[in-house]
Amino acid sequence: MSKVLEQDQTLNRIIEEMVNVVSNSKEEIFDLGENARKEQQELAKEVLQIRKDVSKMIDENDQLERRLKLARQRLTEVSRNFSKYSEEQVQKAYNDTHELQTKLVVQRQQEVGLIKRRDELEHRIRGLNENIERTENLIGKVNVVLNYLVNDFQNVNEAISSAKEKYEFGLQIIDAQEEERRKLSREIHDGPAQMLANVMIRSDIVQKTIRERGVDEALKEMKDVKEMVRGALYEVRRIIYDLRPMALDDLGLVPTLRKYLSTIEEYHNIKVEFKPNNDGDRYSQKFEAAAFRLVQEGVQNALKHANTSLIQVRFEQAYNKLNIHIVDYGKGFNVDEKKEDSFGLTGMRERVEMLNGQMDIKSTEGKGTKVSISLPIMY
């Protein structure tokens, strides 16, 4: 009897730990939402100030244009009647025109920069709005989970015969959650967070460059900043796709892959051809997720190892089979030679075997690699 009581107490501790984990997650999600809300308010203030600055600069530029027009008329008059004016008057007319023209060019560039910054901030605000809505929806779902854990899960003793099994089950859930958090935290810290910190530093450099070295040098710095932002955006999208592409549930396998491969093509500056013979079919969630991961892993392997300028992904649905071909035209390799870093292909084989499918790899050194996968379709 005491042993059963001890087992029940152990299970209660597991449930309590799970409730604490979910409760802490709820607080973290709430903090994320509040931080997004505060950032949104700060950005809105900055956008308002930029709009005022843009309006003011437009007025100043209009005045400059009118002054420049008069200066050009004066310069034309002096040039036509050169003999009537002293050398100092001619030089002054030329200098006044050149100075106004240069000032107008610089301020036009500043006006463009302000407008671009305004557009970027407004885009960021829209993204924050979406994040806030998602956090609010997520908090609602977490509340449902908490209610289940606090109320319904108390009856789990009747469903699990061994207290030891229950304890291990609970710990596995907690460990999996914590491991995923650690992994996601590392990826965000080492990737997008680091890149965005560099963007902030380079933004300050751009401002200093405009003042000290001119617009042309500043534009070069802006190009580097743009590449950093582009890299951070790609890393965020990659992390989202690694967790689970949201479009997979809404749009289905083929549209999600088309979007993913388009992102790969744009970021890596490589041609990726996607050729499905059927766009509209939907499959089971498990099947769609597995097929997506297989293509993702195959393309990433090609990007990492093949050194190719073209990747082709072909989808062929035939009867009750889905055939996937991932082809590159890179350096290839010896398929009979075991490599220490071939974890990608090993993971793909294991996933294919779980789906009762078949996988074949053909590669010729110097000519490229073709990965062919055949899966029985699951609806």
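- Val54 and Leu121 fall within a single hydrophobic cluster, where Ile, Leu, Val, Met, Phe, Trp and Tyr are joined by side-chain heavy atoms under 4.5 Å apart, directly or via other members.
- Here the straight-line distance linking atom NE2 of His305 with atom CG of Leu345 works out to 7.5 Å at 0.5 Å rounding.
- The CD1 atom of Ile311 sits 8.5 Å away from atom CG of Leu261, with the distance rounded to the nearest 0.5 Å.
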### Task
Report the C-alpha distance between Leu294 and Leu375 in whole Å, list the side-chain angles of each, state the deciding distance to 0.1 Å, and finish with yes or no for side-chain contact (heavy atoms from CB on, under 4.5 Å).
CA-CA 11 Å; Leu294 286 168; Leu375 302 174; 3.9 Å; yes
### Query
Met354 and Lys286: side-chain contact (heavy atoms from CB on, under 4.5 Å), yes or no, with the steps?
CA-CA 11 Å; Met354 289 174 60; Lys286 176 183 176 181; 5.8 Å; no
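- A donor atom on one side chain and an acceptor atom on the other are found under 3.5 Å apart for Asp53 and Gln49.
- You'll find the side chain of Leu257 stays beyond 4.5 Å of the side chain of Val313, heavy atoms only.
- Judged purely by atom type and a 3.5 angstrom limit, Glu288 uses its side chain to pair as donor or acceptor with the backbone of Tyr283.
- At distances below 3.5 Å, not a single donor-acceptor pair connects side-chain atoms of Asn307 with backbone N or O atoms of Gly330.
- Proximity of Arg66 to Lys69: side-chain heavy atoms (C-beta onward) are nowhere separated by under 4.5 Å.
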### Pair Val335-Lys362, side-chain contact (heavy atoms from CB on, under 4.5 Å): steps then yes or no
CA-CA 7 Å; Val335 295; Lys362 294 180 180 179; over 6 Å; no
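- Contact of the Glu265 side chain with the Phe274 side chain is not registered, since no non-hydrogen atoms from C-beta on lie closer than 4.5 Å.
- Taking both residues in full, the closest heavy atoms of Ser374 and Lys321 are given as OG-CD, 3.7 Å, listed atom of the first, atom of the second, then distance.
- Here the shortest heavy-atom pairing between Val254 and Pro276 reads CG1-CG, 3.8 Å.
- For the residue pair Arg37/Gln40, the side-chain donor-acceptor check at 3.5 Å is not satisfied.
- Summarising the geometry, atom CD belonging to Gln312 is positioned 11.5 Å from atom NE2 belonging to His325; distances are rounded to the nearest 0.5 Å.
- Linking ILVMFWY residues whenever their side-chain heavy atoms come closer than 4.5 Å, directly or via other members, places Ile361 and Met348 in the same cluster.
- No continuous path of hydrophobic side-chain contacts links Leu64 to Ile115 [ILVMFWY only; heavy atoms under 4.5 Å].
- A donor-acceptor contact shorter than 3.5 Å links the side chain of Ser363 to the backbone of Phe333.
- Here the side chains of Gln300 and Ile264 are in contact, with some heavy-atom distance below 4.5 Å.
- For Gln107, the CD atom sits in a packed shell: over 12 heavy atoms of surrounding residues, nucleotides or ligands are nearer than 6.0 Å.
- Under the 4.5 Å side-chain heavy-atom criterion for Ile, Leu, Val, Met, Phe, Trp and Tyr, Val295 and Ile373 are members of the same hydrophobic cluster.
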### Query
Should Glu65 and Arg108 be marked as a side-chain contact (heavy atoms from CB on, under 4.5 Å) after you check the CA-CA gap, both sets of side-chain angles, and the distance that decides it?
CA-CA 11 Å; Glu65 283 187 343; Arg108 284 296 188 200; 2.6 Å; yes
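- To the nearest 0.5 Å, atom CG of residue Asp328 and atom OG1 of residue Thr369 are 4.5 Å apart.
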### Query
Under the side-chain hydrogen bond (donor to acceptor under 3.5 Å, both in side chains) criterion, do Asn81 and Glu77 qualify, and how do the steps go?
CA-CA 6 Å; Asn81 302 280; Glu77 172 65 21; 2.9 Å; yes
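- Looking at every heavy atom in both residues, Val371 comes nearest to Met359 through CG1-CE, 3.9 Å.
- By the 6.0 Å contact criterion, NE2 on His268 is enclosed, its count of non-hydrogen atoms from other residues, nucleotides or ligands being greater than 12.
- With contacts defined as side-chain heavy-atom distances shorter than 4.5 Å, the pair Glu122/Arg118 qualifies.
- Residue-environment remark: CZ (Arg351) exceeds the threshold of 12 foreign heavy atoms within 6.0 Å.
- Taking every heavy atom of both residues into account, Leu100 and Ala71 meet most closely at CD1-CB, 3.8 Å.
- Residues Glu273 and Lys275 are paired through a salt bridge, judged by an N-O separation under 4.0 Å between the basic side chain and the carboxylate.
- Here the side chains of Glu120 and Arg117 are in contact, with some heavy-atom distance below 4.5 Å.
- Asn277 contributes a side-chain N or O that, together with a main-chain N or O of Gln317, makes up a donor-acceptor pair within less than 3.5 Å.
- Checking Thr76, Leu75, Thr102, Val78 one by one against Thr97, the side-chain contact (heavy atoms from CB on, under 4.5 Å) holds for a single residue, Leu75.
- For Gly357 against Pro376, the heavy-atom pair with the smallest separation is CA-CD, 3.9 Å.
- In the hydrophobic cluster analysis, where Ile, Leu, Val, Met, Phe, Trp and Tyr join through side-chain heavy atoms closer than 4.5 angstrom, Val327 is grouped apart from Phe315.
- Using a 4.5 Å heavy-atom cutoff, the side chains of Arg72 and Gln101 are in contact.
- Inter-residue side-chain proximity for Val47 and Arg124 is flagged as unmet; no heavy-atom pair is nearer than 4.5 Å.
- Once rounded to the nearest 0.5 Å, the distance linking CD1 of Ile50 with CG of Leu43 reads 9.5 Å.
- Going from atom CG of Leu322 over to atom CG of Asn320 covers 11.0 Å, rounded to the nearest 0.5 Å.
- Within a 6.0 Å sphere centred on CZ of Phe287, other residues, nucleotides and ligands contribute more than 12 heavy atoms.
- Judged purely by distance below 3.5 Å, without hydrogens or angles, the side chains of Asp59 and Gln63 never pair a donor atom with an acceptor atom.
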